[in-house]
Asks: 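Dropping the structure in here first, questions after.
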2 protein chains.
Amino acid sequence: MAFHKKEEFSQKEQDLANFAKAMSHPARIAILKVLAQRNECICGEIVDILPLAQSTVSQHLKELKNAGLINGTVDGPRSCYCINWKAFEKFNSEFTSLFNNLKVKNEKACC
Amino acid sequence: MAFHKKEEFSQKEQDLANFAKAMSHPARIAILKVLAQRNECICGEIVDILPLAQSTVSQHLKELKNAGLINGTVDGPRSCYCINWKAFEKFNSEFTSLFNNLKVKNEKACC
DNA sequence: TTCTTTAATCGTATATTTGCGATATAAGAT
DNA sequence: ATCTTATATCGCAAATATACGATTAAAGAA
């Protein structure tokens, strides 16, 4: 295999795939749910709720942050995370429109 | 590490994560686009379009099929794939609603 | 200054994904 | 019956993801 090939696809396809990848683990979906439910930012609370070790949760948070789906600020010993609604909105609409355009012309399944 | 832990999350979270995983590679997004653009089912055309070997494309198709996002029928030497709009619709709406509910109460970012 | 608390990072093990060439399979064409 | 064509599957190598314990870092409390 050796190499990635992901770069050979369009930027839009890559962006969408990265977004999907960020959502491709139940732990990260659970984290997003928790973040959405609270009005204030949480950190260690997530560790208490999820069935995962602190380091693992921290890793998942990092991936969500890298994907741009959450914002995080470090306040010394504690850090604060919350959902980046703008980014989420952007991906979500791109995602939906990707197929909705085509679906109209092509609703009937052929197999 | 040893074990998966994915099972410890809710079924809905797992389903959504699996859906996202199926979409988490640009090649699979490209495949879905191709399938959506044609009214008839294609097969080897995808291989010509994508910068990937035939066996790799076949593998991606299998994953999309396993995720339930496409249907496939084998017609002897050639096979026929197309998008399972119903399944796609289901996931897409679940996906959108997951956040839209919460977003209303919690639009303001705190960090 | 030292202790405590909270979270990030490092190191490591294992599992999964991605990719390809080679091979197998299955049906139609010759 | 053999050849051709289109796909799926196998076997393998390399890259990534998942998970955890241990360690580090950073700031406030004692």
Side-chain angles (χ1 to χ4, degrees), chain A residues 1-9 13-14 17-31 34-35 40-67 70-82 111, chain B residues 1-9 13-14 17-31 34-35 40-67 70-82 111:
Chain A
M1 179 212 70
F3 254 133
H4 248 156
K5 294 246 168 174
K6 288 187 183 171
E7 307 81 22
E8 309 203 11
F9 294 90
E13 282 161 356
Q14 288 183 56
N18 284 336
F19 167 64
K21 183 140 91 182
M23 307 278 299
S24 74
H25 195 288
R28 291 196 286 272
I29 294 191
I31 288 174
V34 174
L35 287 177
E40 41 177 35
C41 299
I42 328 109
C43 40
E45 285 181 60
I46 301 170
V47 177
D48 295 337
I49 295 171
L50 301 206
L52 295 172
Q54 179 265 319
S55 55
T56 308
V57 170
S58 198
Q59 223 171 235
H60 282 304
L61 283 166
K62 195 181 178 185
E63 279 173 67
L64 286 170
K65 199 177 174 186
N66 285 344
I70 63 175
N71 297 122
T73 10
V74 187
D75 275 352
R78 68 192 59 206
S79 47
C80 163
Y81 287 106
C82 60
C111 55
Chain B
M1 178 215 70
F3 254 132
H4 246 156
K5 295 246 170 175
K6 288 188 183 171
E7 309 79 24
E8 308 203 11
F9 294 90
E13 282 161 355
Q14 288 183 56
N18 285 335
F19 168 64
K21 183 142 90 180
M23 308 277 300
S24 76
H25 194 289
R28 291 195 286 272
I29 294 192
I31 288 174
V34 174
L35 286 176
E40 40 176 35
C41 298
I42 329 109
C43 39
E45 286 181 61
I46 301 169
V47 177
D48 295 335
I49 295 170
L50 300 206
L52 295 172
Q54 179 265 319
S55 56
T56 308
V57 170
S58 199
Q59 221 170 238
H60 281 304
L61 283 166
K62 195 181 178 184
E63 279 172 68
L64 287 169
K65 198 177 172 185
N66 285 343
I70 64 174
N71 297 123
T73 11
V74 187
D75 276 352
R78 68 192 58 206
S79 48
C80 163
Y81 286 106
C82 61
C111 54

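By convention in this document, chain letters (A, B, ...) are assigned in the order of the sequence lines, proteins followed by strands, and residues within each chain are numbered from 1.
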Asks: Does the side chain of B/His60 get closer than 4.0 angstrom to OP1 or OP2 of C/dT17 through an N or O atom?
Replies: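 The answer is no; no side-chain N or O of B/His60 sits under 4.0 Å from OP1 or OP2.
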Asks: Take A/Lys5 and B/Leu52 through the test side chain to side chain contact (heavy atoms under 4.5 Å, CB included) and record every step on the way to the result.
Replies: CA-CA 8 Å; A/Lys5 294 246 168 174; B/Leu52 295 172; 3.8 Å; yes
Asks: Which listed nucleotide (D/dA19, D/dT18, D/dA27) is nearest to the side chain of A/Leu52?
Replies: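 Among the listed nucleotides, the one closest to the side chain of A/Leu52 is D/dA19.
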Asks: Distance check: side-chain N/O of A/His4 vs OP1/OP2 of C/dT17, anything under 4.0 Å?
Replies: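 Answer is no, no contact under 4.0 Å.
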Asks: Rounded to whole Å, please give me the gap between CG in B/Asn18 and C1' in D/dA17.
Replies: 15 Å
Asks: In whole angstrom, give the distance that lies between atom CG of A/Asp48 and atom P of C/dA7.
Replies: 9 Å
Asks: Are OP1 or OP2 of C/dT17 and a side-chain N or O of B/Lys21 less than 4.0 angstrom apart?
Replies: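 So the side-chain polar atoms of B/Lys21 do come within 4.0 Å of the phosphate oxygens OP1 or OP2 of C/dT17, strictly under.
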Asks: With side chains defined as the heavy atoms from C-beta onward, is the minimum distance between A/Glu63 and A/Arg28 less than 4.5 Å?
Replies: yes
Asks: Let me know the distance between CD of A/Glu63 and C1' of D/dA19, rounded to the nearest Å.
Replies: 12 Å
Asks: Checking all strands, does B/Lys65 fall into the base, sugar-phosphate, or nothing category for heavy-atom contacts under 4.0 angstrom?
Replies: nothing
Asks: What's the shortest heavy-atom distance between A/Ala17 and B/Ile29, and which atoms?
Replies: N-CD1, 3.6 Å
Asks: Within the pair A/Arg28 and D/dT18, is there a side-chain N or O less than 4.0 Å away from OP1 or OP2?
Replies: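 So the side chain of A/Arg28 is within the cut-off, an N or O lying under 4.0 Å from OP1 or OP2 of D/dT18.
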Asks: How many whole angstroms separate atom CZ of A/Arg78 from atom P of D/dA29?
Replies: 10 Å
Asks: Hey, is the main chain of A/Gln14 close enough, under 3.5 Å, to the side chain of A/Lys6 for a donor-acceptor pair?
Replies: no
Asks: Compare side-chain N and O positions of A/Lys5 against OP1 and OP2 of C/dC20 and report whether any pair is under 4.0 Å apart.
Replies: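 Yes, because at least one side-chain N or O of A/Lys5 sits under 4.0 Å from OP1 or OP2 of C/dC20.
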Asks: Report yes if at least one side-chain N or O of A/Ser79 is closer than 4.0 Å to OP1 or OP2 of C/dA8; otherwise report no.
Replies: yes
Asks: Using a cut-off of strictly less than 4.0 Å, decide whether B/Tyr81 has a side-chain nitrogen or oxygen near OP1 or OP2 of D/dA6.
Replies: no
Asks: Starting at atom CG of B/Asn66, determine the distance to atom C1' of D/dT9, rounded to an integer number of angstrom.
Replies: 13 Å
Asks: Within this structure, what is the CD1-to-P distance between B/Ile29 and C/dT18, rounded to whole angstrom?
Replies: 12 Å
Asks: Tell me, do B/Leu61 and B/Ile46 make a side-chain contact under 4.5 Å, heavy atoms counted?
Replies: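 They are in side-chain contact.
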Asks: How do B/Ala27 and A/Pro77 order along DNA chain C: which one's closest nucleotide is nearer the 5' end?
Replies: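 Its nearest nucleotide lies further toward 5', so the answer is A/Pro77.
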Asks: Whole angstroms only, please: what is the CD-P distance between A/Glu45 and C/dT5?
Replies: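 The answer, rounded to whole Å, is 17 Å.
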Asks: Please state how far atom NE2 in A/His25 lies from atom P in D/dT16, giving the value in whole angstrom units.
Replies: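 Value for this atom pair: 18 Å.
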Asks: How far apart are the closest heavy atoms of B/Gly72 and B/Tyr81, and which atoms are they?
Replies: CA-CD2, 3.5 Å
Asks: Under 4.0 Å between any heavy atoms, over every strand shown, what does B/Gln59 touch: base, sugar-phosphate, or nothing? Just pick one.
Replies: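 Base, at least one base atom sits under 4.0 Å.
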Asks: Would you tabulate the nitrogen or oxygen pairs shorter than 3.5 Å linking the protein to nucleotides 21-24 of chain C?
Replies:
from: C/dG21; atom 1: N7; to: B/Ser55; atom 2: OG; distance (Å): 3.2
from: C/dG21; atom 1: O6; to: B/Ser55; atom 2: OG; distance (Å): 3.3

Asks: How far does CD of B/Glu45 sit from CG of B/Leu35, to the nearest 0.5 angstrom?
Replies: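 Atom-to-atom, B/Glu45:CD and B/Leu35:CG are 10.0 Å apart.
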Asks: Is it true that atom NZ of B/Lys62 has more than 12 heavy atoms of other residues, nucleotides or ligands lying nearer than 6.0 Å?
Replies: no
